[in-house]
Protein chains: 2
Amino acid sequence: MNEQAAPGRVGDVRRRNLSLVLDSIARNGDAKPSRAQVAAGTGLTKAAVSSLVADLVESGLVSEVGLYRDGERGRPGQGLELSSRRGVVGMEINVDYLAVGLVDLGGSLRFSSTVESRNRGLKPGAVMEKLGELASQAKAAATSAGITILGGGLAVPGLVDEQRNIVLSAPNLHWEHEQLNPQALLEDAPLGVRLSNEANSAALGELWYGDGPADFLYVSGEVGVGGGVIIGSELYTGPGGSAGELGHIVVHPEGPSCSCGGVGCLETFAGQEAIFEAARIPEGSLGRRTELLLAALAADEPHAKRAVRDAGRYLGIALASSARLMDIEAVVLGGHFAVLADWLKPAVLSSLERYAPGLLEPESLTVSRLEHSGTLLGAAGQVIRAVIESPFEFILGKPA
Amino acid sequence: MNEQAAPGRVGDVRRRNLSLVLDSIARNGDAKPSRAQVAAGTGLTKAAVSSLVADLVESGLVSEVGLYRDGERGRPGQGLELSSRRGVVGMEINVDYLAVGLVDLGGSLRFSSTVESRNRGLKPGAVMEKLGELASQAKAAATSAGITILGGGLAVPGLVDEQRNIVLSAPNLHWEHEQLNPQALLEDAPLGVRLSNEANSAALGELWYGDGPADFLYVSGEVGVGGGVIIGSELYTGPGGSAGELGHIVVHPEGPSCSCGGVGCLETFAGQEAIFEAARIPEGSLGRRTELLLAALAADEPHAKRAVRDAGRYLGIALASSARLMDIEAVVLGGHFAVLADWLKPAVLSSLERYAPGLLEPESLTVSRLEHSGTLLGAAGQVIRAVIESPFEFILGKPA
DNA sequence: CCCATATAGTTCAGATTGAAAACTAATTGG
DNA sequence: CCAATTAGTTTTCAATCTGAACTATATGGG
């Protein structure tokens, strides 16, 4: 007999309802709902909510924050919120910088720090050591703010195997099948450290802490062109975990060869390198080249304008195909594309209009406002969401 | 408070376990498992399975089929199977034919009938009337076989709104926003008739009754080029229900204009019309033109060979992009593409190798063996799956 | 100032359900 | 014919929700 689904036990009902209550409190974070409001919102009885909230408060996930005084009749409720004394550390390794952030359960970024670091070509061990120093800063910040760190999320610009903590391939770091030990960054954290893809984390950050709708494609223009697909408020990673690889969609069958071995991939037209080259920006650091490009654009320099226009045109083709294939109705531009948005967006829109008229509303092509913190928030948020979705498991092994 | 998830009640556990048991019996259809085997397979106790099976037998969904006699020691078990006395009618409207089939809960096609019918341009009412005659045949077949019809599935070659029984757009029938009344085809069926898209149904048929793996893209070459995406053994329809539209992926930015208003869509290279035209097959009925094309290919006629090779090449580009974007690892060719597979497949494979080397194994590009019955089985199967997934709801309003 | 009214939250009986264990049923093999 | 073995049922128990009754704490009119 081949089976997979677990049988339903009576206790599963409580698991689910603990999550439901926690989620309800999380969604209404600003309102600090009372037990009675949670009961109304979830459809559970007051009795059940009381019992569930008691468990959540005891575990430290939820705190009571004083009484209501809204001038209404009746006994005032106890406001509930996700504990601001429990946090998760978001971390990011990128090609030219490292970053950490401390996010409390309510989603507030309580501390963050970024350092420049030329990571391309460095061994994972060296990079992890540098990142460890940043993580220590986050731990110190947590201690002084009285925050217990539950876990961490580490985003890298490449394809990862979350289960086994392996970076399968991060071409822009020149990493190939590298075993990491992210747990070492936060040794005492009961939930450990979760490895994730940078574009996917940024997409999730946009979903949870930005203004991404329930369904959208996040497009990250970094050195490569990555993407994160959000469907029904969930990250879609595909059966093998590598969905959203927008950069290697074929946008011109007679286009140039790509580093992936293919031909005419989007990345050969809209990757950072391709844009800089077409715009005739000389070699240099990424930050410097970006400055030069923006200056050239501002000065109406024809090569620069043309480079960005072409990138936008091919990005539009890729988006048209993606939207058709996956029925995507909104797109959020991030990374390099957010920086270039003023010049890029018109080209993308006119390309969309040419290749898939009427498919995407112009208003549904938006630009991320979170910038780098989006990735940190998303990386940490994945751990926070895991707790919200399975508080029961967390309560069992609770850390005091 | 904005909430969506329903609270977990104690009774939900039984709902879930009823489905689990029914699913276990369905998966092991040929083995006719005993209660004890179901218990072992699901992880439930024998006691729980006994109680659950009693409800399922009483509702008529499951029947006991005699004792085991496998020569082992111990009391023999009662074999269980999905009742072969309950069935669902699958129906299909396509451009040049109508079809119905009677499928029992176990997935056997107990009766089927197809008639040629030039439906393009006909009003939905006229087509539905013709289809009603075929449905009557299915009903008569059910009666004489002692099968109670629970519901039906109707597949059409276009985008549908399942909830409201509207065909939003079926360009090849020249239907645009047509309200149907599929319930009228099977008036007494307690579960009604479910409208669905033809390519999606065919994909599901391939999944449930063919040899499709848990994750694949079904590509249907009919008059248009459609697709059905199966992920984790589920149909992926996208937030708006129109995912899988492979036909309008842009495969050449300077390609011809497409009926969708776009440019360079796959359909302009690999749609039936495009292939016939490039192969210089004269106008005529679809069946006749297909015969001529196959004859020309067999005779090594250069235009025909080139037409199919080009179609394959562009199909390969679309598949490369799709596989990258959605992380798809297997493709099943159906419809026209299955008929042309011998000539088409080499071109698709070499195109894949050029545009996305190593992404898809040649063995994971397969050809459907179900042909037309795949769509019927898939259309009916959706109703069968709905019962398997929610037997509790079915038991409540059970028909005698 | 007091009490009717209203709202928040708790307590407790009742119902549903699966687990576990003991039990009954049916078969094989020595 | 009986021990061993496997299938399936019955019984007891614990978990957990609902619903109703109850307690707690506020507002506001007389």
Side-chain angles (χ1 to χ4, degrees), chain A residues 1 5-21 24-25 31-58 62 64-80 391-392 395-396, chain B residues 1 5-21 24-25 31-58 62 64-80 391-392 395-396:
Chain A
M1 307 266 295
R9 309 245 161 71
V10 179
D12 295 344
V13 178
R14 194 161 185 88
R15 273 169 210 256
R16 175 164 173 194
N17 286 337
L18 279 168
S19 171
L20 190 67
V21 167
S24 174
I25 295 170
K32 314 236 184 281
S34 65
R35 288 167 176 75
Q37 287 172 312
V38 170
T42 56
L44 290 160
T45 59
K46 288 188 296 171
V49 171
S50 271
S51 159
L52 292 159
V53 166
D55 281 6
L56 293 171
V57 168
E58 200 204 349
V62 166
E64 296 192 321
V65 286
L67 297 176
Y68 272 52
R69 281 294 149 79
D70 45 7
E72 301 229 346
R73 275 196 188 186
R75 172 177 168 180
Q78 286 278 354
L80 300 171
F392 190 82
I395 289 170
L396 283 186
Chain B
M1 306 268 294
R9 308 244 162 71
V10 179
D12 295 343
V13 178
R14 194 162 185 88
R15 275 170 210 255
R16 175 164 171 194
N17 286 337
L18 279 168
S19 171
L20 191 67
V21 167
S24 175
I25 296 171
K32 315 236 183 281
S34 65
R35 287 167 177 76
Q37 286 171 312
V38 170
T42 56
L44 289 160
T45 59
K46 288 189 296 172
V49 171
S50 271
S51 158
L52 292 159
V53 166
D55 280 7
L56 293 171
V57 168
E58 199 204 347
V62 167
E64 296 192 320
V65 285
L67 296 175
Y68 272 51
R69 282 290 151 82
D70 43 8
E72 302 230 344
R73 273 197 188 185
R75 172 176 166 180
Q78 285 277 353
L80 299 171
F392 190 82
I395 289 171
L396 281 185

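The sequence lines fix the lettering, A, B, ..., with proteins before strands; numbering per chain opens at 1.
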Base versus backbone protein contacts along nucleotides 6-16 of chain D [heavy-atom cut-off under 4.0 Å; B, S, -]: BBBBB----BB
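B/N17 contributes atom CG, which lies 8.5 Å from atom CZ of A/R9 (distance to the nearest 0.5 angstrom).
Ion pairing of B/K32 with B/E64 is absent here, as no side-chain N (NZ or NE/NH1/NH2) approaches a carboxylate O to less than 4.0 Å.
The list of salt bridge (charged side-chain N to carboxylate O under 4.0 Å, His left out) pairs with a residue in residues 43-56 of chain B, not counting sequence neighbours, reads B/R14-B/D55.
Counting heavy atoms from C-beta on, the side chains of B/V21 and B/L80 never come closer than 4.5 Å.
The nearest whole Å value for the distance from the CD atom in B/E64 to the P atom in C/dA26 is 13 Å.
Contact between A/P7 and B/L20 at its shortest, heavy atoms only, is CA-CD2, 3.4 Å.
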